[in-house]
Amino acid sequence: TECPIEYHAIIDSTNSELMRRLQTKQKLSSGHVLVAEMQQAGRGRRGRAWQSPFGANLYYSYYWQFDAGMQAAMGLSIAVGLAVYDALHSLYGIAVELKWPNDIYLNQQKLAGILVELEGQVEGPCHLVIGIGLNICMPESASKHIDQAWTDLQAHLGQIDKNQLVVQLTQSLSARLAQYKETGLSDMVAQWNLLNAFKGEVVTLSTGQRQWRGICEGIDMQGGLLLRQDGELKAFYGGEISLRKG
Ligand code: ATP
Ligand code: BTN
C-alpha cells in the first residue's frame, strides 16, 4: 500500500502538527507519516520536553484511524513498543527492552520514547497520533539537558541509514497496528513480557496522588502493569503514571 511520508526540516512538533490537522478537520489517511529533522517544541509525556536537536535523531509521527474507540486504544503503547522492537531487531539484530508504558531502552539507557495522542469519543472512531522519538546520534549540546541515562543508536552501531529506518519502522508499525485491530493484545502480551526492562525487579510506580512499591510482574491482557505487593497482584492502567527501578 502507498502511504505518504512527509518530510519537514523544522517543525514545532510532529505530533502537534498532526493533531492540529485533526482539530481543523483536514484530511489524513491512516498510515500518513510525518518526519522532521528538528523539533522546536518536542514533547514528552506530561508536558515534558523532548530534546530534538537538528539533523541527528528521528522525530516521527504516524496517523491512524481506529474504529473500535478510545477504550480499545488504551493498550496501543504496548503494540507500538513492539513495533519499535521489531524494526530495530530486523534491521540491526539488536534487542531493545521495553519500559511500561512507553519507553524503549538499550543497555539500561533510554533510546526512544513513544507519545500516543488521541482524538475522538469513548465509543466510535478514534483518531490516533503515534509519536516516536528515537535517538540516532545525539549532539553533546542537547544531551546535557536530558536528566536521565540515555543512549543513541550510533553508540552501538556506528553510522546508520535514517531513511531505511523510517521505512522499516513504518512497515513494522503498520503490521503491529493491523494485528492490534484483529486480535488486540492477545498475541502480544507474552512477547512484551519477555522484553520487559524491569522484569522481576522492585519498582516504584507513581500516580499524581501516591506511590506504590512492588515487584514488576509485567503486563496483563489489557496492557495494564502488574505489581506484586505482599503476594498480591495489583494492576495499573492509564498514561499519567511513572515507573522507576528500586
Ligand atoms: P517517567 O518519568 O514517567 O517514568 P520518562 O522518564 O520516560 O517517564 P517522559 O515524560 O516519558 O519521562 O519523557 C521525557 C523525559 O525523557 C525527559 O524528562 C528526559 O529525562 C528524557 N528525554 C528527553 N529528551 C530525550 C531524548 N532525546 N532522549 C532520551 N531521553 C530524553
Ligand atoms: C516520552 O518518552 O516522553 C515520549 C517522547 C516522544 C517524542 C516524540 S518525537 C516525535 C513526536 N513529536 C513530539 O513532540 N513528541 C513525539
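Computation of the quantities below employed the complete heavy-atom set of this structure, encompassing side-chain atoms and omitting hydrogens, waters and symmetry-equivalent molecules. Position 1 is the first residue of the sequence, and the numbers go up from there. Indexing begins at 1, ligand by ligand and atom by atom, following the structure's order.
- Under a 4.0 Å criterion applied to the non-hydrogen atoms of S242, ligand 1 contributes the atoms 1 (P), 2 (O), 3 (O), 4 (O).
- Using modelled atom types, one side-chain atom of Q229 and one backbone atom of R213 make a donor-acceptor pair closer than 3.5 Å.
- Taking 4.5 Å as the limit, every side-chain heavy atom of Q222 sits out of range of all side-chain heavy atoms of L185.
- Annotation for ligand 2: atoms under 4.0 Å from non-hydrogen atoms of S13 are 12 (N), 13 (C), 14 (O).
- Here is the list of ligand 2 atoms found below 4.0 Å of a heavy atom in G42: 14 (O).
- Look at K110 and you'll find a heavy atom under 4.0 Å from some atom of ligand 2.
- If you check each of I114, N135, L115 against atom 27 (N) of ligand 1, the one with the closest non-hydrogen atom is N135.
- Close contacts between ligand 2 and I114 involve ligand atoms 4 (C) [criterion: under 4.0 Å to a heavy atom].
- Heavy atoms of L111 found under 4.0 angstrom from ligand 1: none, in either backbone or side chain.
- One finds the CD atom of E117 at 10.0 Å from the CD atom of E119 (value rounded to the nearest 0.5 Å).
- A distance of 6.5 Å separates CG of L165 from CG of L153, quoted to the nearest 0.5 Å.
- Centroid-to-centroid, the aromatic rings of F236 and W212 come within less than 6.0 Å.
- Residue contacts with ligand 1: N57 is placed with no nitrogen or oxygen under 3.5 Å of a nitrogen or oxygen of the ligand (distance criterion only).
- Tested against V80, the residues L98, N102, I114 include a single side chain to side chain contact (heavy atoms under 4.5 Å, CB included) partner, I114.
- Contact annotation for Q39 and ligand 2: only side-chain heavy atoms (C-beta onward) come within less than 4.0 Å of the ligand.
- Within the set R48, R43, Q109, K245, the minimum heavy-atom distance to atom 10 (O) of ligand 1 is found for R48.
- Distance check: L91 CG to D161 CG gives 9.0 Å after rounding to the nearest 0.5 Å.
- In this structure, L111 is a member of the same hydrophobic cluster as V84, with clusters built from ILVMFWY side-chain heavy atoms closer than 4.5 Å.
- Proximity annotation for atom 4 (O) of ligand 1: of Q148, K99, H145, K99 comes nearest, heavy atoms only.
- Near Y60, meaning under 4.0 Å from any of its heavy atoms, are these atoms of ligand 2: 10 (C).
- Annotation for ligand 2: atoms under 4.0 Å from non-hydrogen atoms of T14 are 10 (C), 11 (C), 12 (N).
- At a cut-off of 3.5 Å, with distance as the only test, a side-chain donor of N163 or Y7 sits close to an acceptor on the other residue.
- Listed by atom number, the atoms of ligand 2 under 4.0 Å from R45 heavy atoms are 3 (O).
- For atom 14 (C) of ligand 1, the nearest non-hydrogen atom from the set Q39, K110, R46 belongs to K110.
- Within the 4.0 Å heavy-atom criterion, the part of D103 lying near ligand 2 is the side chain and not the backbone.
- Close approach to L243 involves these atoms of ligand 1, each under 4.0 Å from a residue heavy atom: 4 (O).
- The atoms of ligand 1 that sit less than 4.0 Å from any heavy atom of D103 are 5 (P), 7 (O), 8 (O).
- Between N102 and ligand 1, not a single N/O pair is under 3.5 Å apart.
- In this structure a side-chain-to-backbone donor-acceptor pair under 3.5 Å is missing from T170 to Q168.
- Using the six-membered ring where Trp is involved, H127 and Y63 have ring planes that are parallel, under 30° apart on the 30 and 60° scheme.
- Closest heavy-atom approach to atom 15 (N) of ligand 2 among the candidates R43, Q40, Q51: R43.
- Side-chain polar atoms of Q191 and N193 form no donor-acceptor pair below 3.5 angstrom.
- Looking at W150 next to ligand 1, no N or O pair under 3.5 Å apart turns up.
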